[in-house]
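As structure tokens, the structure follows; a few thoughts come after it.
Just so we're on the same page: letters track the sequence lines, and every chain starts at 1. Any value given below was found using the heavy atoms of this structure, including those in side chains, with hydrogens, waters and symmetry copies removed.
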Amino acid sequence: MKKNALTITREDDFAGWYQQVIAEADMAEESGVRGSMIMRPWGYGIWERVQYLMDQRIKATGHENCYFPLFIPLSYFAKEAEHVDGFAKEMAVVTHHRLKKGPDGGLIVDPDAKLEEPLVVRPTSETVIGTAFARWVQSWRDLPVMINQWANVVRWEMRTRMFLRTTEFLWQEGHTAHATKAEAMEETLSALEMYREFSENVLAMPVIAGEKPENERFPGADATYSIEAMMQDGKALQAGTSHFLGQTFSKAQNIRFQDKEGEFQFAYTTSWGTSTRMIGGVIMTHGDDDGMRVPPLIAPYQVVIVPMLRDKPEDKEVLDYCKALAKDIAKLRAFDEPVRVKVDITGAKTQTKRWSWIKKGAPVILEIGPRDMADDKVAMIRRDALYQDSGKLDTKFLAKAEFIPEIPALLSDIQTALHTEARERMDGNVKKGVEYWSDVERFYAPKKKHPGWLEVQWCKATGEELKSIEERLKKLKLTFRNVPVDADAADGTCIFTGKPAVERIIIGKAY
RNA sequence: CGGGAAGUAGCUCAGUCUGGUAGAGUACUGCGUUCGGGACGCAGGGGCCGGAGGUUCGAAUCCUCUCUUCCCGACCA
């Protein structure tokens, strides 16, 4: 009978299921420090793949990596009011540089070691990088400046969730400065497109790319764009953002250059980022009731070989057979890279190893026992299609010589299958054509579990009017996600105000 | 940061109300029988009961403070 590897199903308790996947797949665990997680090898391995493949794209679009300091002088933030307002409440601040023995023998902060100027642990690097840009940019010939850094940042969030919102997280932040507004806007949209393509093709996670309304903008930005992914519970996850910063930061930080006419001009800047949050998105997009399903492109190991060892003399032969098999598979290339294969030589029981790789979500699991060895076969489990219709594990016994050359195509097939499944789910859960607010209320009635999103027409309200619309959405626990870049033009009336509509916007519940 | 719940063996938890010095399942170690859907039997090892104070002859248990986690809000990638 069918028995799932996890005890909590997505249907019963999505939040509990999410945590169980992370624990059972050995991806991450609590560290004992509020909101700070330990990323274990399987989780970090996925992040390394994300880094590697994203880094290629960042460099291919003309950016160079560099590294800025973790500590930012407090005064740097004072230069841009809106920016500091946005982050003030969540900044970790270093005020002292020494400890000493306290009266009770324990260590206390030495009051004599107070810093002249407190240092902020970076929540994002616009301020330091902008300060450097101001030095680097003197002439129109110095532009554009296009850099990226891979770093950790700290935001003291009140409520944390593994991968989705941790106090410290890992990310990449791109920062660019340009001579013209048009060029900076082009850069902003090019980063957005890079994220969209990456999410779809690498993470197999479908997204909607679009512009955020005014109230959802990055603090200090003139425009913010995002990619929004739909989780299996119908909620939205903002999986990447790209900001057009206009001249706000260049004016605050004096990023100025002389143009060809010798006139001083302020540069136009952009910033864009993606983080370890994407891994949370991958879990909630592809995970199932047996654990994680990792898309082959980001799987630390794409093929895992589980030798069936029995503490008997023939174990050595089985192991040798597996190692030779791994060697053959490692010679193959999939997605233009060598296939990543691992032989699980640990002494654990076969069943334990099998289920552990199922829960981790290795795309292809090969079980090799004496019988396979004798017949020159492999027993293959495809993680994205675990079960037969009967509910039995769908283990396929295949001739080794015929199977090996098929591996690259198989991995590619799994990548596509995961993407297609997620794509269909998202497309089926974005409802268009709703015209009345009462229909919105009905659509998001409390009893509906996974309602998904609505694409509605609206008047692109700003200021106070936008605030009151926000309040109405909030009552239904809804937020604006974004205005899809490829949405149709508006041709109706605003669902909130009845005024002529300006654009189409996505609304939904969000993480 | 407000409201709720919880922290006891690696993990999941019982024991706390009614104070008397530590339990189960699972995992782990050894031996034996098994083995292609998470095997079984026997024998073992493992805990400063989250931390600090207090009450008491005696505290996992009662009191105070604190840290961490989870859920619901507010805030946010």
Between [N] ([atom2]) and [X] ([atom1]): distance, integer Å:
X: A/R310; N: B/rG36; atom1: CZ; atom2: P; value: 8 Å
X: A/L309; N: B/rC35; atom1: CG; atom2: P; value: 16 Å
X: A/D394; N: B/rG36; atom1: CG; atom2: P; value: 17 Å
X: A/E157; N: B/rU69; atom1: CD; atom2: C1'; value: 17 Å

Can you check the distance between [N] and [M], where both ends of the measurement are the [atom1] atom (answer in whole Å)?
N: B/rG44; M: B/rC1; atom1: C1'; result: 50 Å
N: B/rG3; M: B/rA60; atom1: P; result: 30 Å
N: B/rG4; M: B/rU12; atom1: C1'; result: 22 Å
N: B/rU8; M: B/rG15; atom1: P; result: 14 Å
N: B/rG41; M: B/rG23; atom1: P; result: 22 Å
N: B/rU34; M: B/rU21; atom1: C1'; result: 42 Å

**Report entry** Residues that A/F480 engages under ring pair (Phe, Tyr, Trp, His ring centres under 6.0 Å), provided they are two or more places apart
**Finding:**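 For A/F480 the ring pair (Phe, Tyr, Trp, His ring centres under 6.0 Å) partners, ignoring immediate neighbours, are A/W458, A/F496.
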
**Report entry** RNA chain B contacts made by residues 206-239 of chain A, counting heavy atoms under 4.0 Å
**Finding:**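 Listed by number, they are A/Q238.
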
Report task. Give, ordered by number, those residues of residues 7-26 of chain A having at least one heavy-atom distance below 4.0 Å to an atom of RNA chain B; if nothing qualifies, reply none. Result ->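 Under 4.0 Å from RNA chain B: A/A15, A/Q19.
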
Give [X] one of three labels, base, sugar-phosphate or nothing, depending on what nucleic acid heavy atoms sit under 4.0 Å from its own.
X: A/E30; answer: sugar-phosphate
X: A/T166; answer: base
X: A/F87; answer: nothing
X: A/K353; answer: nothing
X: A/R155; answer: base

Relative to the ring of [Y], is the ring of [X] parallel (under 30°), tilted (30 to 60°) or perpendicular (over 60°)?
X: A/F218; Y: A/H243; result: parallel
X: A/W42; Y: A/Y301; result: tilted
X: A/F14; Y: A/W17; result: tilted

Query raised in the report: Between A/D26 and A/R40, does at least one N-O distance fall below 4.0 Å, as a salt bridge requires?
Result: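 Judged by the 4.0 Å cut-off on N to carboxylate O distance, A/D26 and A/R40 do form a salt bridge.
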
Requested in this report: Give a yes or no on whether a salt bridge exists between A/K396 and A/D394, defined as a side-chain N under 4.0 angstrom from a carboxylate O.
Outcome: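 Judged by the 4.0 Å cut-off on N to carboxylate O distance, A/K396 and A/D394 do form a salt bridge.
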
Taking only the side-chain nitrogens and oxygens of [X], find out if one of them lies under 4.0 Å from OP1 or OP2 of [N].
X: A/K349; N: B/rA39; result: yes
X: A/Q351; N: B/rG36; result: no
X: A/R159; N: B/rC75; result: no

Query raised in the report: Is it true that the side chains of A/S36 and A/E168 contain a donor and an acceptor less than 3.5 Å apart?
Result: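 The answer is no; no qualifying pair exists.
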
**Report entry** Flag for A/N429-A/W453: side-chain donor and acceptor within less than 3.5 Å
**Finding:**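 No, no side-chain donor-acceptor pair sits under 3.5 Å.
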
Query raised in the report: Do you know which two heavy atoms are closest between A/R122 and A/N152, and how far apart they sit?
Result: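 For A/R122 versus A/N152, the nearest heavy atoms are NE-O, 2.6 Å.
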
